[in-house]
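Bear in mind that the values here come from a model prediction, so they are computed numbers and not experimental data. Every chain is numbered from 1 and lettered A, B, ... according to where its sequence line falls, protein lines coming before strand lines.
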Amino acid sequence: MTFWGDYRGHGHPHESSWTMLGPLVVLAVLSIVGGFVFNVPEILSGMFPIKEATENGGPGEMVLTGISVAFGLAGIALSWLMYVVNKDIPEKITSSLGGVYTLVYNKYFVDEAYDAAIVRPLVQGSESVLWKTVDAGLIDGTVNGMGTQSQGVGSLLRLLQSGNIRSYATWVVIGAVVVIVVMGVTR
Amino acid sequence: MNLLEILIALPAAGFLVTLFIPRKQEHLTRSFTLIVSLLAFVLSLGLVTGFETGKPGQQFVDNVVWIANPDIHWHVGIDGLSLWLIILSTFLTPIAILVSWRYIHKQVREFFAFLLLLEFGLIGVFAAWDLFLFYVFWEVVLVPMYFLIGIWGHDRRIYAAVKFFLYTMAGSVLMLVAIIYLYTLAGTFDYATILDLFRSGRIGLSHTEETLLFLAFFVAFAIKVPLFPLHTWLPDAHVEAPTAGSLMLASVMLKMGTYGLLRFCIPLFPVAARENASWINVLAIIGIIYGALVAMVQPNMKKLVAYSSVSHLGFVVLGIFSFTQMGLDGAVYQMLNHGISTGALFVLVGMMYERRHSLAIKDFGGVATAAPWLATIFLITTLASIGLPMLNNFVGEFLILQGVAQAKFAWTAFAAIGVILSACYMLWMYQRVFFGTQGKEPGETVKHHMPDFNVREWLCVVPLVVMMVWMGIVTQTFLPAVSATDASILDQAGTASALARPPVPPTGGITHGGSLHAR
Amino acid sequence: MPVSFAPSSTDLLRFAPETILTIAGTLLMVLDPLFARRFPRLFGHLSIAALVAAIFAAVAAGSVPGLAFSNLLIVDGFGTYFRVLVLCIGILAVLSSYRYLEREQAETGEYHALVLFSIMGQCVMVTANDLIMIFIGLEISSIASYVLAGYLRNDKRNNEAALKYFLLGSFATGFLLYGVAIVYGLTGTTQLSAIRAAMNNPSTSLMVAGVAAALMFVGLCFKVSGAPFQIWAPDVYQGAPNPVSAFMATGPKAAAFAIFLRIFLTAFDRIAVTWAPIVWFCALASMTIGNFAALKQNNLKRMLAYSSIAHAGYILVALASDSEIGTAAAMFYLAAYALMNLGAFAVIIYISGKGEKHLRIEDLAGLSQRQPFTAAMMTVFLLSLIGVPLTGGFFGKFYIFRAALDSHLIWLSVLGLLNSAVAAYYYLRLLVVMYMHEPGEVTNALEAPGPALQAALVLPAIGTFFLGILPGTVLTFAQAASSFVK
């Protein structure tokens with residue numbers, strides 16, 4: 001979805017709430033307890049019967065886990081502070097930062113930048129160059145061109161067929177002379 | 001007759017009987033063919049239960065002389081590779097019949113008869129163990145598909161059908177030359193015997209011979225796969241074919257190509273296969289990215305899915321020519337996955353066509369509101385096709401990428417772009433078709449034409465979704481048999497190329513490849 | 001050798017098919033004034049009876065193989081095979097003539113008599129052991145064919161076809177006869193095995209032999225409509241009455257190939273190195289010209305004429321491989337070709353209507369919806385002509401290219417098989433029109449085929465499948481018969 005920021009926000013306008021909530025609840029619960037209840041690597045290993053070098057867990061893994069959990073908690077705390085405890089803070093930050101806020105509010109215009117730098121060239125390039133030129137033009141053109149060329153050869157061959165007996169006889173004579181010469185000489 | 005032969009004969013018999021059902025009895029025709037195909041599916045499950053994983057060689061073998069001179073055998077059998085492809089064929093044929101139930105109302109008898117003939121050919125292709133027999137089935141498959149596209153297809157059906165036929169034919173005549181050439185060396189068409197002769201060194205090929213023969217086989221298979229740049233028949237054929245045709249074409253017939261590469265190209269010509277692997281892989285990677293990019297900009301849903309097949313099949317070829325156990329396993333698994341998930345996409349797109357009589361993405365929008373179940377199933381299929389974990393494609397793609405990484409890491413990096421792009425084009429299409437409103441009230445564009453699934457349609461999609469999940473999670477059902485066969489193929493490829501092949505015996509081979517006249 | 005003019009009974013048995021056909025033909029002409037009005041179909045029935053009897057006679061003769069009439073005839077497996085083949089072709093041609101002749105109000109004994117005489121000539125050709133006998137057989141067959149080509153006297157197209165066929169045919173026969181004369185001058189004999197012996201004599205000038213072979217090659221290549229002497233075939237096949245075209249494209253062609261093989265593989269075996277490259281070239285040229293020219297044809301008969309040129313090319317490939325396998329392949333292919341071609345022509349006879357008005361490809365439009373049975377039969381023949389497995393056409397082609405690769409003709413095989421992919425296009429066009437177009441007025445007006453025409457469709461279809469699925473029986477016989485008495 002990253003690439004298509006433009007299209008965000010069209011989704012699910014009329015879903016009844018439980019269809020949204022139900023899965024969310026399941027996902028939320030699973031994401032908290034899933035790792036403890038199910039042994040995920042064990043389950044996934046079913047998909048890949050060929051054992052690969054397993055990753056070494058150890059202390060490093062715990063540290064990384066800890067750091068990411070800490071960051072998450074810090075974020076939660078910050079937003080709780082800003083939007084629940086003291087509701088003036090966002091207001092102040094907005095006014096003091098001005099343009100920077102706009103930048104951040106629009107996610108650094110990353111979507112727009114992506115769109116201009118990657119998405120549009122990619123889509124347009126795929127459409128005009130790859131699809132219309134290479135696929136339909138070059139490859140299919142070659143394939144169909146071979147068909148047309150064959151038909152062209154066919155039309156040319158039809159010209160031999162004048163319907164005139166004398167010209168037919170001439171052809172026979174020419175052919176005969178060639179055959180006789182070749183077979184008489186190759187000895 | 002063993003179980004396998006009964007399974008081959010059943011659709012053929014069904015085809016013949018169907019032709020004699022009176023023209024007016026359309027319902028009888030449908031029911032009869034459905035019953036035959038279901039019976040074939042049940043029988044094919046007997047192959048699964050009777051199959052002994054890990055047993056070397058083929059099983060359910062029968063080998064009798066068909067024509068004494070030239071030495072042609074009716075030699076059929078299955079191994080782990082053919083087993084699941086046969087199951088795929090028998091599994092999808094009833095679905096193809098069900099999706100056509102209401103869709104086909106012209107020349108009904110012929111349509112359903114051709115589906116059975118197609119099934120006969122497909123099972124035969126995967127079971128044949130004699131080169132001549134293989135070629136026979138290979139070509140037999142062409143005929144029903146030609147008619148399926150040409151008679152019951154959309155507007156440009158004739159162009160698509162003829163293109164499909166000629167493209168395939170051009171490739172397969174070269175393969176026929178190669179097959180006959182092998183015969184002149186080996187004196188038999190029996191595949192097992194030919195392999196034996198090669199391995200024991202009683203016949204050998206010069207380097208040029210091997211390369212040329214490899215290419216002759218390879219081109220025939222590459223057209224069928226289809227490998228870039230030989231793919232242009234595919235979008236036309238897919239778009240113009242009726243739903244059942246697209247389903248069988250994408251899900252099973254493309255696999256004939258990759259099957260051929262694995263079954264024949266690599267074991268017969270291991271040295272040439274390895275030597276040519278690099279440019280083949282480059283073509284496969286081009287196909288992956290190119291197919292994805294072109295799929296992205298397609299205005300037509302079927303065409304989008306068709307180009308996505310080019311991309312997905314690129315993965316399979318890449319896996320095969322990585323010459324690693326995991327690459328091959330992933331390739332075979334991906335053959336099956338693609339059969340299920342792309343098959344499901346074609347089925348769903350076909351159902352939407354039946355409702356709206358259009359395939360253009362812009363004619364849809366907001367379908368999710370009108371038909372939530374259709375949207376849900378479509379989403380699951382889309383996610384499967386993208387390669388979401390716990391769904392089938394993930395396993396295949398992952399194995400392929402891992403296998404390819406073992407062979408050459410740069411290939412993996414490029415191929416991974418294809419994975420990302422597949423998410424782009426699939427989700428983008430999903431969004432436009434199911435959520436977009438085309439500037440009107442949500443759902444208004446399609447509300448009145450978009451009933452949700454009926455019972456018959458549920459019957460079509462549920463087995464497919466079940467398989468997506470099953471193959472995504474319980475890979476143990478499928479992979480051991482596949483792995484064992486892949487290991488033996490790699491073994492054949494490995495030992496044969498490790499043993500520097502003996503020089504061509506003076507009396508045996510034809511040393512001058514392609515002189516005008518050899519006297 | 002003392003010449004006895006009282007032939008032995010074995011000699012008579014070995015000549016029985018020809019005798020039966022001659023008597024039946026003469027009888028038909030005698031009966032013509034008596035029954036032409038009252039029982040017009042009687043002639044067809046009679047000639048079929050004669051042909052069936054002749055098949056039995058040919059089989060009986062084949063069971064006592066050997067020479068006859070002072071070594072002029074040789075009844076061997078090869079000859080018997082071709083005798084049965086041309087007789088079967090005769091039966092199918094007669095079966096498909098019923099409706100045509102009735103439609104054109106031209107049911108005469110004369111037509112059937114000419115067919116029988118032509119077949120009689122072909123039987124003589126395929127069992128001849130002497131260049132003079134070959135020439136006599138060829139002329140009997142050809143002259144009857146010339147007349148048949150112009151059978152409908154009031155039809156301009158018939159007249160033109162007959163004239164062209166006659167003039168060019170005689171011209172080509174002249175080359176053949178000149179070749180025979182040179183061979184006689186060179187070797188002092190016209191008997192094939194004696195010529196072969198003389199060729200092995202070091203004092204024989206191989207250059208003169210080459211010229212003689214070349215002259216005979218011209219004549220024979222013309223008769224089989226192989227390039228570059230194919231030029232007459234499209235015009236003649238298109239102009240001749242439909243059943244006659246069907247007959248000419250199969251019967252005389254099969255017999256001409258039979259003598260082609262027999263002469264070149266026995267008498268001129270020694271100088272194979274001289275003629276094999278020419279055959280190689282002519283095979284390729286025939287396939288290419290036939291297939292490519294057929295791509296643009298809209299007239300069904302003309303298209304089949306070009307297709308028959310291409311098929312002659314495939315058989316020339318078998319000849320170019322210059323081996324027993326090649327001979328067997330040619331024998332097999334000729335049978336498969338005869339069946340599928342006669343079947344396809346029968347369908348054309350069926351749809352063409354009175355005065356052969358409907359000969360465009362579009363006239364087949366929607367045949368599958370109006371006459372599904374006929375369309376299905378046509379499909380079988382077309383798939384066989386394309387060379388799709390399980391049909392005789394495929395196995396024949398396969399076997400020919402097997403022979404070619406056996407003789408290391410790799411490029412010829414590759415080009416030949418690619419050619420067959422080109423050919424698929426124009427055969428597919430017919431399938432497209434029959435199955436994928438809506439019925440037109442021609443197909444709407446069609447009545448179901450009568451019993452004779454049904455037989456003319458079903459029998460070749462059965463034969464095509466038989467040759468495709470169980471080729472073993474015919475192939476075994478062909479292989480056994482492919483070694484000539486040398």
Side-chain angles (χ1 to χ4, degrees), chain A residues 47 49-50 121-187, chain C residues 160 163-168 171-172 174-175 178-179 205-219 221-222 226-235 238-239 268 271 273-279 281-282 285 288-297 302 305-306 422 425-426:
Chain A
M47 290 186 203
I50 307 97
L122 206 59
V123 169
Q124 279 166 7
S126 303
E127 177 151 353
S128 58
V129 178
L130 290 186
W131 180 29
K132 300 263 162 76
T133 310
V134 176
D135 216 66
L138 202 66
I139 303 175
D140 240 15
T142 313
V143 172
N144 292 335
M146 273 157 70
T148 321
Q149 289 301 316
S150 309
Q151 303 243 344
V153 173
S155 311
L156 279 181
L157 286 172
R158 265 165 46 148
L159 295 180
L160 288 181
Q161 224 70 39
S162 61
N164 183 336
I165 289 194
R166 253 174 294 177
S167 79
Y168 289 5
T170 317
W171 278 108
V172 173
V173 170
I174 293 173
V177 169
V178 171
V179 169
I180 292 164
V181 167
V182 171
M183 277 167 75
V185 167
T186 46
R187 195 55 254 168
Chain C
E160 185 188 333
L163 188 66
K164 277 183 182 165
Y165 193 25
F166 172 64
L167 287 178
L168 292 168
F171 191 42
F175 281 96
Y178 200 41
S205 159
L206 291 182
M207 201 194 91
V208 179
V211 172
L215 287 164
M216 296 182 74
F217 178 87
V218 172
C221 203
F222 178 91
F229 309 105
Q230 89 296 353
I231 196 113
W232 58 278
D235 288 10
Q238 187 183 358
F268 295 133
I271 53 169
V273 68
T274 316
W275 56 259
I278 295 278
V279 178
F281 174 79
C282 288
T288 315
I289 292 177
N291 283 329
F292 279 84
L295 288 176
K296 282 294 239 186
Q297 297 306 326
R302 205 168 172 84
Y306 279 113
V422 174
Y425 177 77
Y426 59 85

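- Residues C:Trp232 and A:Val172 have side chains not in contact (no heavy-atom distance under 4.5 Å, counting atoms from C-beta outward).
- Heavy-atom minimum distance, A:Ala169 versus C:Phe171: O-CE2, 3.7 Å.
- Contact check for A:Val182 versus C:Phe281: no side-chain heavy atoms found under the 4.5 Å cut-off.
- With values rounded to the nearest 0.5 angstrom, A:Gln149 atom CD is found 10.5 Å from C:Phe292 atom CZ.
- Judged as a side chain to side chain contact (heavy atoms under 4.5 Å, CB included), and not counting sequence neighbours, the contacts of C:Leu167 are A:Ile165, C:Leu163.
- Heavy-atom distances place the side chain of C:Tyr425, and not its backbone, under 4.5 Å from chain A.
- Across all non-hydrogen atoms, the minimal contact from A:Ser155 to C:Lys296 is OG-CE, 2.9 Å.
- Interatomic distance, A:Ser167 OG to C:Ile231 CD1, rounded to the nearest 0.5 Å: 6.5 Å.
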- Task: Run the numbers on A:Leu157 and C:Tyr306 for side-chain contact (heavy atoms from CB on, under 4.5 Å), then give the verdict.
- Result: CA-CA 11 Å; A:Leu157 286 172; C:Tyr306 279 113; over 6 Å; no

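- Chain A forms the most heavy-atom pairs under 4.5 Å with one residue out of C:Thr288, C:Val211, C:Ile278, and that residue is C:Ile278.
- Residues passing the side chain to side chain contact (heavy atoms under 4.5 Å, CB included) test with C:Glu160, sequence neighbours excluded: C:Lys164.
- Scanning all heavy atoms of the two residues, the minimum distance from A:Gly175 to C:Pro228 falls at CA-CG, 4.3 Å.
- Of the listed residues C:Val208, C:Asn291, C:Ile289, the one with more heavy-atom pairs under 4.5 angstrom with chain A than any other is C:Ile289.
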